[in-house]
A.B. asks: 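Quick one: the structure is below, questions incoming.
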2 protein chains.
Amino acid sequence: MKYNLIIADDHKMFLDGLLSILNSENDYNILLTAKNGKHIAKYLEINPDEKIDLIITDITMPEMDGIALNKIVKKRSSNIKTLVVSMHNNPDMIDNLIEHDVDGYVPKNAEKEELLKAIQTILSGEKYFSREIKDIYMENKFSKKKDEEIKLTQREIDVITLIAQEFTTQEIADKLFLSKHTIESYRKNLIAKLNVRNLAGLTKYAIKMNYVEH
Amino acid sequence: MKYNLIIADDHKMFLDGLLSILNSENDYNILLTAKNGKHIAKYLEINPDEKIDLIITDITMPEMDGIALNKIVKKRSSNIKTLVVSMHNNPDMIDNLIEHDVDGYVPKNAEKEELLKAIQTILSGEKYFSREIKDIYMENKFSKKKDEEIKLTQREIDVITLIAQEFTTQEIADKLFLSKHTIESYRKNLIAKLNVRNLAGLTKYAIKMNYVEH
DNA sequence: CTAAAGATCCCTGTTTTCAGGGATATTCAT
DNA sequence: ATGAATATCCCTGAAAACAGGGATCTTTAG
């Protein structure tokens, strides 16, 4: 009995690559390939009883990304395994995926052999995460402990946002109907709290946190 | 006579996909696959007389990226065509590539058919750029006219980069072995040139242009 | 060759940031 | 109810940024 797989990736050529790898093995039956998660969600809805063993998915896709897809899949049936194949090495994204219970993660620059190993491992019921992904995950957990708890208050967020929008202290004070001294206090606290040296550091933080356009 | 191709992409699985597509055609002989530009540069150096028709390359790769590779290739021989296959749709990057005289650009989410068409077109001596890429390029040229040619010199880039890395004027001066006054001049010019108000604006620009991590 | 652009340096002021102290009132959870 | 966190405001002095001038030399493009 072959395993039934579904593949989602918005990069057609990459899909072709995956297909050619999987077809050269004889254990896998590709039920469906899709260029976003929505197609798959629909397929699952229409075929609620079909035996599906594994869904291989990219993270960033139009319409519905891999994370949303995984959520839907895991909600429907925990029998369907999910393997993420992506080039993202953003720690928060990896964290997110692991917490959403994906069964494996292999970077796109992995060798064909690793991909096949990941698939086999997952189909046998275990999880598979590449060394690289595990390292990033651990590193992240570890360093999080260090800076831990950099939580800004709403007021601080207001201030840092305006700072990153190039307003001077006086202008920010006027906008928020506060004293210039107050803004100076906030700025001082922000610099200390975020462990940066000046406006450039605050600006970078604001961008990283998406408080401002960039 | 088959055409001789070289392929560079740091995503192994994508490479496999390309290979399987190209091997299913019978016109192409793959001389070399590489996961960064450096390998190819070395190959070109070692085999200066080999007939190479086309190099297919990704943009972002470790060690040596597609842009640097293209520069080397075009400097060595204009007989070697270059086709970029990438998922980037950053207008400046596309602009950069076109100005560096690549022969074509196909996004990674293109169909296999388009890729093959691009290869054939380029091998016949014409250029091939996907509709999508052309649109982005044009759009960019058009809007550029509005904010008018903001070109920074290398020195200015050095300075704005260090500014965005939170160094003070004095520190930057020391790093670049320049007078503090010089850095102040650069900062002043940058603020005027980029139409921003202060360090926050410079920092945002540096991030947008990818001069610093964020 | 000449003009423009780039890289370097300098000056004078003013404004702003930054570091380091404090203060008071309110809110919120234990 | 008490103490911690938050929001607000204030001060001083030093350092840095910002505005608006110039100057000189080299490299580059027409």
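The sequence lines fix the lettering, A, B, ..., with proteins before strands; numbering per chain opens at 1. Just so it is clear, the structure is predicted and the values come from calculations on it, not from any experiment. We use all heavy atoms of the structure for the numbers below, so side chains are in, but hydrogens, waters and symmetry mates are not.
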A.B. asks: Salt bridge between D65(A) and K38(A), side-chain N to carboxylate O under 4.0 Å?
C.D. replies: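 Looking at D65(A) and K38(A), the cut-off is not met.
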A.B. asks: Does S179(B) have a side-chain nitrogen or oxygen under 4.0 Å from the phosphate oxygens OP1 or OP2 of dT8(C)?
C.D. replies: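 Checking dT8(C) against S179(B), no side-chain N or O comes under 4.0 Å of OP1 or OP2.
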A.B. asks: Any side-chain heavy-atom pair from K81(B) and D53(B) closer than 4.5 angstrom?
C.D. replies: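 No. Closest side-chain heavy atoms not under 4.5 Å.
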A.B. asks: Let me know, please, whether A200(B) or F177(A) comes out on the 5' side of the other along DNA chain D by nearest nucleotide.
C.D. replies: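 On the 5' side of the pair lies F177(A).
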A.B. asks: Base, sugar-phosphate or nothing for T153(A)? Non-hydrogen atoms, less than 4.0 Å.
C.D. replies: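 Sugar-phosphate: the residue T153(A), judged by heavy atoms under 4.0 Å, touches backbone atoms but no base.
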A.B. asks: Start at the 5' end of DNA chain C and walk down; is the nucleotide closest to N198(B) or to E156(B) reached first?
C.D. replies: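 On the 5' side of the pair lies E156(B).
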A.B. asks: May I ask you to check if K175(A) and F167(A) form a cation-pi contact, with NZ or CZ under 6.0 angstrom from the six-membered ring centre and within 45° of the axis?
C.D. replies: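 So K175(A) does make the cation-pi contact.
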A.B. asks: Rounded to whole Å, how long is the line connecting atom CG of L190(A) with atom P of dT8(D)?
C.D. replies: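 Atom-to-atom, L190(A) to dT8(D), this comes out as 13 Å.
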A.B. asks: Under 6.0 Å from the ring centre and within 45 degrees of the ring axis: does the NZ or CZ of K117(B) meet both conditions for the six-membered ring of Y128(B)?
C.D. replies: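 No, cation not above the ring by the 6.0 Å, 45° rule.
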A.B. asks: Roughly, in whole Å, what's the span from CD1 in I163(B) to C1' in dA16(D)?
C.D. replies: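 Rounded to the whole Å, the gap is 12 Å.
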A.B. asks: Can you measure K193(B) atom NZ to dA19(D) atom P for me and round it to whole angstrom units?
C.D. replies: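 In whole Å, dA19(D) P lies 17 Å from K193(B) NZ.
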A.B. asks: How long is the line joining CD of E184(B) and C1' of dG20(D), in whole Å?
C.D. replies: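 The distance from CD of E184(B) to C1' of dG20(D) comes to 13 Å, rounded to the nearest Å.
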A.B. asks: Ignoring backbone atoms, establish whether R197(B) has a side-chain N or O less than 4.0 Å from OP1 or OP2 of dC18(D).
C.D. replies: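 Result: no.
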A.B. asks: I'd like to know if K193(A) pairs up with E156(A) as an ion pair, taking the criterion as any Lys NZ or Arg NE/NH1/NH2 lying under 4.0 Å from an Asp or Glu carboxylate oxygen.
C.D. replies: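 Counted as a salt bridge, because a side-chain N and a carboxylate O are separated by less than 4.0 Å.
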A.B. asks: Could you tell me how far apart L176(B) (CG) and dC9(C) (P) are, to the nearest whole angstrom?
C.D. replies: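 Atom CG in L176(B) sits about 10 Å away from atom P in dC9(C).
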A.B. asks: Please tell me if T182(A) has a side-chain N or O lying less than 4.0 Å from either OP1 or OP2 of dC9(D).
C.D. replies: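 Checking T182(A) against dC9(D): at least one side-chain N or O falls below 4.0 Å of OP1 or OP2.
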A.B. asks: Can you check the L199(A) CG to dT16(C) P distance for me, whole Å?
C.D. replies: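 One finds 12 Å between P of dT16(C) and CG of L199(A), rounded.
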A.B. asks: Give the nucleotide from the list dT8(D), dA16(D), dT17(C) with an atom nearest to the side chain of T168(A).
C.D. replies: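 In terms of side-chain proximity for T168(A), the closest of dT8(D), dA16(D), dT17(C) is dT17(C).
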A.B. asks: Between the side-chain atoms of S185(A) and the base atoms of dC10(D), is any donor-acceptor pair under 3.5 Å?
C.D. replies: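 Pair found.
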A.B. asks: Separation of Q154(B) atom CD from dT28(D) atom C1', in whole Å?
C.D. replies: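 Whole-Å distance recorded here is 17 Å.
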A.B. asks: Heavy atoms, side chains only, cut-off 4.5 Å: are I119(A) and I56(A) in contact?
C.D. replies: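 Yes; the side chains approach each other to less than 4.5 Å.
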A.B. asks: Among the candidates dA17(D), dC18(C), dT8(C), find the nucleotide nearest to the side-chain atoms of L178(B).
C.D. replies: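 Selected nucleotide (nearest to the side chain): dT8(C).
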A.B. asks: Among dA17(D), dT17(C), dC9(D), which nucleotide has an atom closest to any side-chain atom of R187(A)?
C.D. replies: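 In terms of side-chain proximity for R187(A), the closest of dA17(D), dT17(C), dC9(D) is dT17(C).
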A.B. asks: What's the CD-P distance between E171(B) and dT17(C), to the nearest Å?
C.D. replies: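 Those two atoms, CD and P, are 18 Å apart.
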A.B. asks: Under 4.0 Å, heavy atoms only, any strand: does Q170(A) hit a base, just the sugar-phosphate, or nothing?
C.D. replies: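 Counting heavy atoms under 4.0 Å across all strands, no contact is made by Q170(A).
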A.B. asks: Name the closest nucleotide to the H181(A) side chain, picking from dC9(D), dT8(C), dA7(D).
C.D. replies: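 So the nucleotide nearest the side chain must be dC9(D).
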A.B. asks: Looking only at side-chain atoms of K188(A), point me to the closest of dG21(C), dA7(D), dC10(D).
C.D. replies: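 Of the options given, the side chain of K188(A) lies nearest dG21(C).
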